[in-house]
Amino acid sequence: MDLRVFTEPQQGATYETLLRVAKAAEDLNYGAFFRSDHYLHMGSVDGLPGPTDAWITLAGLARETSRIRLGTLMTAGTFRLPGVLAIQVAQVDQMSGGRVELGLGSGWYEAEHEAYGIPFPKEKFGRLEEQLAIVTGLWETPVGERFNYEGKYYQLKDSPALPKPAQPKVPVLIGGHGAKRTPELTARYADEFNIPFASLADTEQQFQRVRAAAERAGRKGDDLVYSNALVACVGKNDSEVKRRADAIGRDVDELKANGLAGSAAEVVERIAQYQAVGSQRMYMQMLDLDDLDHLELIAAEVMPQLG
């Protein structure tokens, strides 16, 4: 089981805070540092000092880390034109020496679009499908050849399809709970499928859908990596668990029911349950980014028990 750190900077974090977390995650041998791609806070927090851009952040981290993989859960397809996104991700991959992964979704948070004047189209899934075709198509086009695309939403003509990422293939992540179109899109374009904040039963069902879609598309189900994203709240004892739950405004019982919460032993058991239904990778949502002791505890007491 690969443990990765997943952050939500729109809730209130500077670049310096994210840098400290990413460096700590690297030093503690987590598999990756991922961040959300949002421009507006959610819930009762004030979001101060304001949002940071996902790919600008990852560009900085690419130069200030050396081993840890870097990516997004998920880049919003509404934020960037696909040709521009392909350039940005390829450049950050070069800057990192080939450590980038692209999670790409349709975009869903209408309020942040209104707040920053970003168009929020009604038909987002069709746009996402074209974006995936364009981004992967640009990267796959051999140097010296041209890329053309004529879609309903996007048209590219005589593109040199440059620059190329440092990796031969940047891993693409697709995620969600959709029963039909999401598995089909995953089967066509993704290297990893992620289901966020899902129960064991929903996880198992969605993984089965994705496997079936992959096989219909002529792939093996095992060609994909299957992962979960769940909130983490781990403590050495009950009082420490409660302190961490209080710090993020959550109830301990709710966190134990819906996330990875409790003692190290409880969390190891919970992860094993997800592993039993097919999960291979866990994105641990860390909501208190000033609590680096939390990262250290998980690395010391949870990670070694997972193999």
Side-chain angles (χ1 to χ4, degrees), residues 2-7 9 15 18-37 52-77 79-105 128 130-149 154 156 158-175 185-186 188-194 219 223-227 280-281 283:
D2 177 21
L3 292 189
R4 296 183 160 194
V5 172
F6 170 40
T7 63
Y15 172 74
L18 296 173
L19 176 60
R20 285 195 297 272
V21 174
K23 284 187 170 182
E26 180 170 78
D27 291 342
L28 293 167
N29 293 316
Y30 284 89
F33 172 91
F34 270 58
R35 61 156 292 164
S36 60
D37 188 10
T52 51
D53 181 83
W55 286 101
I56 291 177
T57 296
L58 294 176
L61 297 179
R63 304 305 292 176
E64 298 195 73
T65 59
S66 60
R67 302 184 312 277
I68 197 164
R69 296 192 68 80
L70 304 166
T72 51
L73 280 183
M74 300 282 185
T75 285
F79 288 174
R80 301 166 183 86
L81 296 170
V84 174
L85 179 61
I87 292 169
Q88 290 173 322
V89 178
Q91 184 177 4
V92 178
D93 195 51
Q94 291 176 0
M95 294 167 70
S96 72
R99 294 183 283 124
V100 159
E101 303 183 12
L102 170 63
L104 184 59
L128 173 61
E130 291 192 11
Q131 289 164 342
L132 286 161
I134 291 166
V135 170
T136 57
L138 286 167
W139 291 339
E140 292 168 0
T141 300
V143 174
E145 297 185 14
R146 300 281 168 156
F147 177 81
N148 294 279
Y149 186 85
Y154 305 102
L156 283 74
D158 202 29
S159 172
L162 296 171
K164 301 300 184 194
Q167 298 174 88
K169 188 178 191 316
V170 172
V172 172
L173 292 75
I174 295 175
L185 211 56
T186 300
R188 290 172 60 190
Y189 294 107
D191 302 281
E192 178 177 339
F193 176 75
N194 177 270
R219 300 176 67 180
D223 285 347
L224 288 151
V225 173
Y226 297 85
S227 63
Q280 300 161 286
R281 182 172 287 162
Y283 293 84

Participant: Could you tell me which non-hydrogen atom of Ala90 sits nearest to which non-hydrogen atom of Pro163, and how far apart they are?
Facilitator: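 Heavy-atom minimum between the residues: CB-O, 3.6 Å.
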Participant: Is it true that a side-chain atom of Thr72 and a backbone atom of Gly103 form a donor plus acceptor pair closer than 3.5 Å?
Facilitator: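 Looks like yes, one N/O pair under 3.5 Å.
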Participant: Mind checking what makes salt bridge (charged side-chain N to carboxylate O under 4.0 Å, His left out) contact with Arg20, not counting sequence neighbours?
Facilitator: none
Participant: Can you tell me how far OG1 of Thr7 sits from CG of Leu73, rounded to the nearest 0.5 angstrom?
Facilitator: 9.5 Å
Participant: When you measure from the side chain of Trp139 to the backbone N and O of Ala86, does any donor-acceptor pair fall under 3.5 Å?
Facilitator: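 Yes; judged by distance alone, with no hydrogens or angles, the pair exists.
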Participant: Could you point out which residue of Leu173, Leu85, Ile174 forms a side chain to side chain contact (heavy atoms under 4.5 Å, CB included) with Leu104?
Facilitator: Leu85
Participant: Search all heavy atoms of Ala22 against all heavy atoms of Thr65 and return the closest pair with its distance.
Facilitator: CB-CG2, 4.4 Å
Participant: Quick check: closest heavy atoms across Leu18 and Pro9, and the distance to 0.1 Å?
Facilitator: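 Smallest interatomic distance, heavy atoms only, reads CD2-CG, 3.6 Å.
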Participant: Can you measure from CH2 (Trp55) to CG (Leu70) and round to the nearest 0.5 angstrom?
Facilitator: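 Reported to 0.5 Å precision, the distance equals 8.5 Å.
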Participant: Would you please name every residue forming a ring-ring contact (aromatic ring centres under 6.0 Å, His included) with Tyr283, sequence neighbours left out?
Facilitator: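 Only Phe34 meet the ring-ring contact (aromatic ring centres under 6.0 Å, His included) criterion with Tyr283.
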Participant: Does CZ in Arg146 sit with more than 12 non-hydrogen atoms of other residues, nucleotides or ligands closer than 6.0 Å?
Facilitator: yes
Participant: Would you say Glu192 and Ser227 make side-chain contact, with heavy atoms under 4.5 Å?
Facilitator: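 They are in side-chain contact.
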Participant: Got a sec, which residues hit side-chain hydrogen bond (donor to acceptor under 3.5 Å, both in side chains) with Tyr149, two or more places apart in sequence or on another chain?
Facilitator: none
Participant: Not counting sequence neighbours, list each pair that qualifies as a ring-ring contact (aromatic ring centres under 6.0 Å, His included) and has a residue in residues 79-98.
Facilitator: Tyr39-Phe79, Phe79-His113
Participant: Hey, what do you get for CG (Leu132) to CZ (Arg188), rounding to the nearest 0.5 Å?
Facilitator: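 CZ of Arg188 is found 9.0 Å from CG of Leu132.
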Participant: Between Glu26 and Arg67, is there a donor-acceptor pair closer than 3.5 Å when you use the side chain of the first and the backbone of the second?
Facilitator: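 Answer holds: yes.
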Participant: Looking at Lys164 and Thr141, would you say the former's side chain and the latter's main chain have a donor-acceptor pair under 3.5 Å?
Facilitator: yes
Participant: Would a 4.5 Å heavy-atom cut-off, applied to side chains only, mark Asn194 and Phe6 as touching?
Facilitator: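 Answer no - side chains too far apart.
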Participant: What's the shortest heavy-atom distance between Tyr15 and Gly60, and which atoms?
Facilitator: OH-C, 3.1 Å
Participant: Of the non-hydrogen atoms in Gly175 and Phe193, which two are nearest, and what is the gap between them?
Facilitator: CA-CE1, 3.8 Å
Participant: Report yes if the side chains of Phe33 and Leu19 come closer than 4.5 Å at any heavy-atom pair, otherwise no.
Facilitator: no
Participant: Hey, are the side chains of Leu138 and Leu156 touching, using non-hydrogen atoms and a 4.5 Å cut-off?
Facilitator: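 Contact flag for Leu138/Leu156 side chains = yes.
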Participant: Sequence neighbours left out, what passes salt bridge (charged side-chain N to carboxylate O under 4.0 Å, His left out) with Glu101? Give chain and number order.
Facilitator: Arg4, Arg69
Participant: Check the side chains of Thr75 and Arg80 for a donor-acceptor pair under 3.5 angstrom, ignoring hydrogens and angles.
Facilitator: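 No, Thr75 and Arg80 have no side-chain donor paired with an acceptor closer than 3.5 Å.
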Participant: Identify, with sequence neighbours excluded, every residue that meets side chain to side chain contact (heavy atoms under 4.5 Å, CB included) alongside Leu224.
Facilitator: Thr186, Ala190, Val210, Ala214, Arg219, Tyr226
Participant: Out of curiosity, Leu81 CG to Gln88 CD, how far, rounded to the nearest 0.5 Å?
Facilitator: 9.5 Å
Participant: If every non-hydrogen atom of Val5 is compared with every non-hydrogen atom of Val21, which pair is closest and at what distance?
Facilitator: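 In terms of heavy atoms, the two residues are closest at CG1-CG1, 4.1 Å.
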Participant: Kindly compute the distance separating CG (Asp37) from CE (Met74), expressed to the nearest 0.5 Å.
Facilitator: 11.0 Å
Participant: Do any N or O atoms from the side chain of Arg35 and from the backbone of Thr57 form a donor-acceptor pair under 3.5 angstrom?
Facilitator: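 Not confirmed, Arg35 side chain does not pair with Thr57 backbone.
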Participant: Looking at Val100, is its backbone amide N or carbonyl O close enough to the side chain of Gln167 to form a donor-acceptor pair, meaning the two atoms are under 3.5 Å apart?
Facilitator: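 Yes; at least one donor-acceptor contact below 3.5 Å.
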